[in-house]
Engineer: 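Next up is a structure, given as structure tokens.
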Amino acid sequence: MPELPEVETTRRGIEPHLRGRRIADLILRDTRLRWPVSPEIANLAGREIVAVARRGKYLLLELDRGHLIWHLGMSGSLRILPRGTPPAPHEHVEIELDDGQALKFRDPRRFGALLYSAEDPLAHPLLASLGPEPLGDEFDAGYLYRRCRGRKVAIKNLLMNSHVVVGVGNIYASEALYLAGIRPGRAAGRISKPRAARLVDAVRAVLSDAIAHGGTTLRDFTRADGKPGYFRNELKVYGNTGACPACGAPVRQAVIGQRATYYCPACQT
DNA sequence: CGAGGGACCTGGTTGC
DNA sequence: TGCAACCAGGTCCCTC
């Protein structure tokens, strides 16, 4: 479900409610997430939440001692609700706060993950080898062009590879390639330097714009306050079974790397 | 090292 | 109406 804009929207939604609060209680209803949730996490009561950061699609809850690393997987969402609100279906984890509120994690498909890291979370094996942030300085035309050299994979798959750049999932990969005028199936190694530059700009633009709209709600994504994200209305090709908004040609649907892909056969080469 | 595919899950929608 | 098949915003891990 969530790509970078949805995770960032979640971060911004929960952070004001969590910063400076203490964990009153931590309830693990179902520990069968992507990896089993360590029972020691239930022992974090009393710790203070100092900050909520994000790295790629991972949320990092910095505690006064240690960190929680949270990934929403495909169907996970975090909401702030009053303590005592009856748990929704698939609400696997709840962090009760010392001010009467609670952070509730719902994840029907259980592809999400919740890990505890006593050390620097960025050194955790899952995070250590991640590529640069797409909205940071390191992600530029030279970098992307270099990473494309000699690669035969479709540029869309390369964009979605978190070891190349983090945060770009299936929706925004299609959207960014549309904006850049590049066919999603084009071999990464056949992307010219100017096209790499256009693609970097497109990725940044699409993600920033989506964050500004509170992310994209297709089905079950909800923000921390329960409202949907409105970027869905801005999507140009993803899920578009009609005409290209620029030239009117029928938007084409294909499967690339086992994922649904949308593009305009006229605008994208 | 790179490419490709399966695996992990549940629920909603589609089609016979 | 009933039920099987298919699809979904992620990403790790295995094989070749």
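Numbered from 1 within each chain, the chains take letters A, B, ... in sequence-line order. When reading the values below, keep in mind they use all heavy atoms of this one structure, side chains included, and skip hydrogens, waters and symmetry mates.
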Engineer: What interatomic distance, in whole Å, is found between C1' of C:dC13 and the corresponding atom of B:dT10?
Structural biologist: 22 Å

Engineer: Starting from the 5' end of DNA chain B, give me the residue, A:Arg151 or A:His90, whose nearest nucleotide shows up first.
Structural biologist: A:Arg151

Engineer: When rounded to the nearest Å, what value does the distance between P atoms of C:dC7 and B:dG5 take?
Structural biologist: 15 Å

Engineer: To the nearest angstrom, how far is A:Leu4 atom CG from C:dG10 atom C1'?
Structural biologist: 13 Å

Engineer: What is the separation between atom CG on A:Leu114 and atom P on C:dG10, rounded to the nearest whole Å?
Structural biologist: 20 Å

Engineer: Tell me which pairs pass side chain to side chain donor-acceptor pair (under 3.5 Å) where either residue lies in residues 169-189 of chain A, with sequence neighbours left out.
Structural biologist: A:Glu6-A:Tyr172, A:Lys156-A:Asn170, A:Tyr172-A:Thr216

Engineer: Remember a base hit wins even if backbone is also touched, and classify A:Tyr172 as base, sugar-phosphate or nothing at under 4.0 Å, heavy atoms.
Structural biologist: nothing

Engineer: Tell me: NZ of A:Lys156 to C1' of C:dG10, nearest whole Å?
Structural biologist: 12 Å

Engineer: The side chain of A:Ala260 is closest to which nucleotide in this list: B:dG11, C:dG10, C:dA8?
Structural biologist: C:dA8

Engineer: Walk me through it: do A:Arg195 and A:Thr269 pass the test side-chain hydrogen bond (donor to acceptor under 3.5 Å, both in side chains)?
Structural biologist: CA-CA 10 Å; A:Arg195 280 174 159 250; A:Thr269 59; 2.7 Å; yes

Engineer: Quickly work out the A:Leu218 CG to B:dT13 C1' distance and round it to whole Å.
Structural biologist: 14 Å

Engineer: Please report, rounded to the nearest Å, how far the C1' atom of B:dG11 is from the CZ atom of A:Arg106.
Structural biologist: 10 Å

Engineer: Which nucleotide sits closest to the side chain of A:Arg110: B:dG5, B:dT10, C:dG10?
Structural biologist: B:dT10

Engineer: By the ring pair (Phe, Tyr, Trp, His ring centres under 6.0 Å) test, which pairs, at least two apart or in different chains, include something from residues 21-66 of chain A?
Structural biologist: A:Tyr58-A:His71

Engineer: Take nucleotides 11-16 of chain C nucleotide by nucleotide from the 5' end and write B, S or -, depending on whether a protein heavy atom sits under 4.0 Å from the base, only from the sugar-phosphate, or from neither.
Structural biologist: BB----

Engineer: Round to a whole Å and report the spacing from CG of A:Leu72 to P of C:dG10.
Structural biologist: 11 Å

Engineer: More than 12 foreign heavy atoms under 6.0 Å from CG of A:Asn233: is that the case here?
Structural biologist: yes

Engineer: Using the salt bridge (Lys or Arg N to Asp or Glu O under 4.0 Å) rule, pick out the option among A:Arg106, A:Arg29, A:Arg79 that qualifies with A:Glu91.
Structural biologist: A:Arg29

Engineer: Given that both distances must come in under 3.5 Å, which nucleotide forms a Watson-Crick or G-U wobble pair with C:dC12?
Structural biologist: B:dG6

Engineer: Looking at A:Arg65, I want to see if its CZ is surrounded by more than 12 non-hydrogen atoms of other residues, nucleotides or ligands under 6.0 Å.
Structural biologist: no

Engineer: Below 4.5 Å, heavy atoms only, C-beta onward: do A:Gln268 and A:Pro184 meet side chain to side chain?
Structural biologist: yes

Engineer: Of all the nucleotides listed (B:dG5, B:dA3, C:dG10), which has the minimum atom distance to the side chain of A:Gln258?
Structural biologist: B:dG5

Engineer: How far does the P atom of C:dC14 sit from the matching atom of B:dC9, given to the nearest Å?
Structural biologist: 16 Å

Engineer: Please report, rounded to the nearest Å, how far the P atom of B:dG4 is from the CG atom of A:Asn161.
Structural biologist: 13 Å

Engineer: Rounded to whole Å, please give me the gap between CE in A:Met74 and C1' in B:dG11.
Structural biologist: 12 Å

